[in-house]
Amino acid sequence: LVHLTSLRESRSMEATTGPDGRFAIKTNFAGAPNESVDWTLEAKANNYQSLQVEGRKIITTDSDPVTTLQQHLEFSTI
């Protein structure tokens with residue numbers, strides 16, 4: 001589950017990983033240069049483990065409207 005929040009809007013999206021554990025979400029999101037977008041990534045494994053990671057991205061320019069967030073998560077074996 002991915003949550004995106006800015007001064008202009010808030011959105012949550014679900015994703016399922018592929019066989020290699022990776023996923024991608026593409027969305028349009030309102031923002032302007034020098035505004036921040038807060039993001040939260042919630043991941044759940046088949047064995048009911050869960051992780052949550054948060055961050056903030058500052059929109060730097062209106063000439064490049066595409067922003068990529070990459071975050072590595074690793075579940076430990078218990």
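Computed from a prediction, not measured in an experiment: that's the story for all the values here. Positions are given from 1 along the sequence.
- Residues passing the side-chain contact (heavy atoms from CB on, under 4.5 Å) test with Ser10 are Thr5, sequence neighbours excluded.
- Closest approach of Glu14 and Leu1 over heavy atoms only: CG-CD1, 3.6 Å.
- Listed by chain and residue number, Glu9, Thr27 satisfy the side-chain hydrogen bond (donor to acceptor under 3.5 Å, both in side chains) test with Arg11 (two or more places apart in sequence, or in another chain).
- In this structure, the side chains of Glu35 and Ile58 stay at 4.5 Å or more apart for every pair of heavy atoms.
- Of all heavy-atom pairs between Ser6 and Ser36, the closest is CB-O, 3.7 Å.
- Looking only at side-chain heavy atoms (C-beta outward), Ile59 and Val37 come within less than 4.5 Å of each other.
- A continuous path of Ile, Leu, Val, Met, Phe, Trp and Tyr side chains, each step under 4.5 Å between heavy atoms, connects Val53 with Val2, placing both in one hydrophobic cluster.
- Side-chain contact between Glu54 and Leu41 is absent, with no heavy-atom pair separated by less than 4.5 Å.
- Residues that satisfy the side-chain hydrogen bond (donor to acceptor under 3.5 Å, both in side chains) test with Ser12, not counting sequence neighbours, are His3.
- Closest heavy-atom contact between Asp38 and Arg56: OD1-NE, 2.5 Å.
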